[in-house]
Amino acid sequence: MSEIAIVGAGTMGHAIALVYMLGGHRVRLTDSNSATLARAPALMSTALETLSEAGEVGPEMRDISVGQAIRLCDTLAEAVGGADVVVEAIIETAEAKRTLFAQLETLMAPEAILASNTSQLDIFPLVPDSLRARTLIAHWYTPPYLVDLVDVVGGPGTDPAAIETVRAMLAAMGKAPLVFGKFVPGYIANRIQAAIAAEVYSLLDAGLVTPEEVDLSVIHGLALRLPVLAVLAKADFTGLPLVHTVLTNGSYVPPAEPTHNRTLEHLIAEGRTGVMAGKGFFDWGDATPADLFRERDRRLLKLKQALRGIKPMMGA
Ligand SMILES: NC(=O)c1ccc[n+]([C@@H]2O[C@H](COP(=O)([O-])OP(=O)(O)OC[C@H]3O[C@@H](n4cnc5c(N)ncnc54)[C@H](O)[C@@H]3O)[C@@H](O)[C@H]2O)c1
């Protein structure tokens, strides 16, 4: 059992805290915004309830009060002092992260590891020299208590032992840590998702398709094959000459340069920013974000449980 400090209790932080708690660690959670910190226990309880209903946590965890099991800390010093691992899950700006890392330099225990959840920033140049050997990225996917992939990568000066400590800790909690040799902004899964998004938004911007047509095509066409064949095994099944011909024809390959996403800009300007606003591409009605998260999680769990008996195919 280790002492884990999570800094940032927003969309990711509270949920990562829950995973570490369920993994048997002692967890402290802090946020510079007291309202966000105060909201975290209810979100964690709802997620724990959903996991319990689906039989994903043992009976010993079912009745646990997350508000008591996870220590909410008003100050950074209280959260990170004496922690073995500090998870950074604050806003995605280089300046905010640089300022936090400078504070952590004096507050963290001398051997403690700093694990950043950054989505795409190369955080290593932002870290003070004295922390470099102990700093790495451990990048989770939302919701982290359901999605198993965690991208793990060190910087030029990271001690391989720190990477191994975090990798082993994640694996012991049932996660699927993928250790990268080099930092790749956006990692792999997010880059593939970004390529899909670029194509979808260009189709929408061109007025060729509707949001419903996009999501129905993915749900009924693309999605079912992905858990079993992913991308490259699927290409093997298609036949590589055909894959090559389609690519070289280039007729529907996404543009290499970033495009101006008019569709997205229009929705955002109208306040249609997504589930948190109750509307985005779709109207989400009167349900609260917590209700919608719960419903999403229940459905993902059903899929996950159904897929457990089906092994992916990757060669012989
Ligand atoms: N949302 C996702 O799906 C997702 C997935 C993977 C990685 N990430 C990454 O995780 C990090 C957090 O993202 P999020 O979506 O949870 O953001 P969020 O905005 O929901 O939460 C960030 C929280 O950090 C707090 N904060 C800001 N500065 C702070 C500081 N100095 N000390 C303590 N708390 C501070 C804010 O008050 C906020 O509550 C980002 O680096 C993001 O790129 C997000």
Side-chain angles (χ1 to χ4, degrees), residues 4-20 27-44 47 70-81 83 85-108 114-124 126-128 131 135-153 166 170 175-178 180 183-194 197 273-277 280 289-290 292-293 296-297 300:
I4 311 292
I6 317 276
V7 184
T11 304
M12 294 304 288
H14 80 272
I16 296 172
L18 180 64
V19 179
Y20 274 107
V27 181
R28 309 96 173 263
L29 179 62
T30 190
D31 197 289
S32 55
N33 182 322
S34 55
T36 303
L37 189 61
R39 188 188 64 178
L43 287 173
M44 292 187 285
I70 293 177
R71 205 168 103 206
L72 301 186
C73 301
D74 292 331
T75 66
L76 186 63
E78 187 193 346
V80 306
V85 176
V86 175
V87 174
E88 176 273 304
I90 70 163
I91 48 168
E92 185 77 348
T93 71
E95 257 338 285
K97 297 213 195 264
R98 190 199 301 276
T99 306
L100 175 67
F101 297 155
Q103 291 171 296
L104 290 176
E105 185 180 24
T106 51
L107 296 174
M108 276 171 56
L114 170 59
S116 171
N117 188 44
T118 183
S119 295
Q120 59 179 39
L121 294 172
D122 179 358
I123 49 115
F124 300 106
L126 309 175
V127 175
L131 280 181
T135 300
L136 52 89
I137 291 171
H139 170 256
W140 300 66
Y141 290 79
T142 188
Y145 43 83
L146 294 183
V147 182
D148 291 334
L149 178 63
V150 183
D151 302 311
V152 179
V153 62
V166 171
L170 293 166
K175 295 285 121 192
L178 178 62
F180 284 65
F183 172 69
V184 178
Y187 318 100
I188 295 175
N190 276 349
R191 286 177 84 110
I192 293 172
Q193 195 157 291
T273 53
V275 161
M276 289 293 192
L292 293 166
F293 287 1
R296 174 203 62 188
D297 292 351
L300 278 176

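Order of listing sets the numbers, starting from 1, for every ligand and every atom in it. Start at 1 with the first residue, then count along the sequence. Everything numeric in this text was worked out from a predicted model, so none of it was measured.
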*Asks:* Indicate the atoms forming the closest heavy-atom contact of Leu126 with Ala94, along with that distance.
*Replies:* CD1-O, 3.8 Å

*Asks:* Mind checking the NZ-CG spacing from Lys175 to Asp148? Nearest 0.5 Å is all I need.
*Replies:* 4.5 Å

*Asks:* Taking side-chain hydrogen bond (donor to acceptor under 3.5 Å, both in side chains) as the test, write out the residues that go with Glu105, two or more places apart.
*Replies:* Ser130

*Asks:* Does Glu78 form a side-chain contact (heavy atoms from CB on, under 4.5 Å) with Arg28? I'd like the steps, not just the answer.
*Replies:* CA-CA 9 Å; Glu78 187 193 346; Arg28 309 96 173 263; over 6 Å; no

*Asks:* Could you check whether the rings of Phe124 and Phe183 sit parallel, tilted or perpendicular, using 30° and 60° as the cut-offs?
*Replies:* perpendicular

*Asks:* May I ask you to establish whether Arg98 and Phe101 are in a cation-pi arrangement, using a distance under 6.0 Å from NZ or CZ to the six-membered ring centre and at most 45° from the ring axis?
*Replies:* no

*Asks:* For ligand 1, give me the residues whose heavy-atom distance to it is below 4.0 Å, by chain and number please.
*Replies:* Val7, Gly8, Gly10, Thr11, Met12, Asp31, Ser32, Asn33, Thr36, Ala89, Ile90, Ile91, Glu92, Lys97, Asn117, Thr118, Ser119, His139, Trp140, Thr142

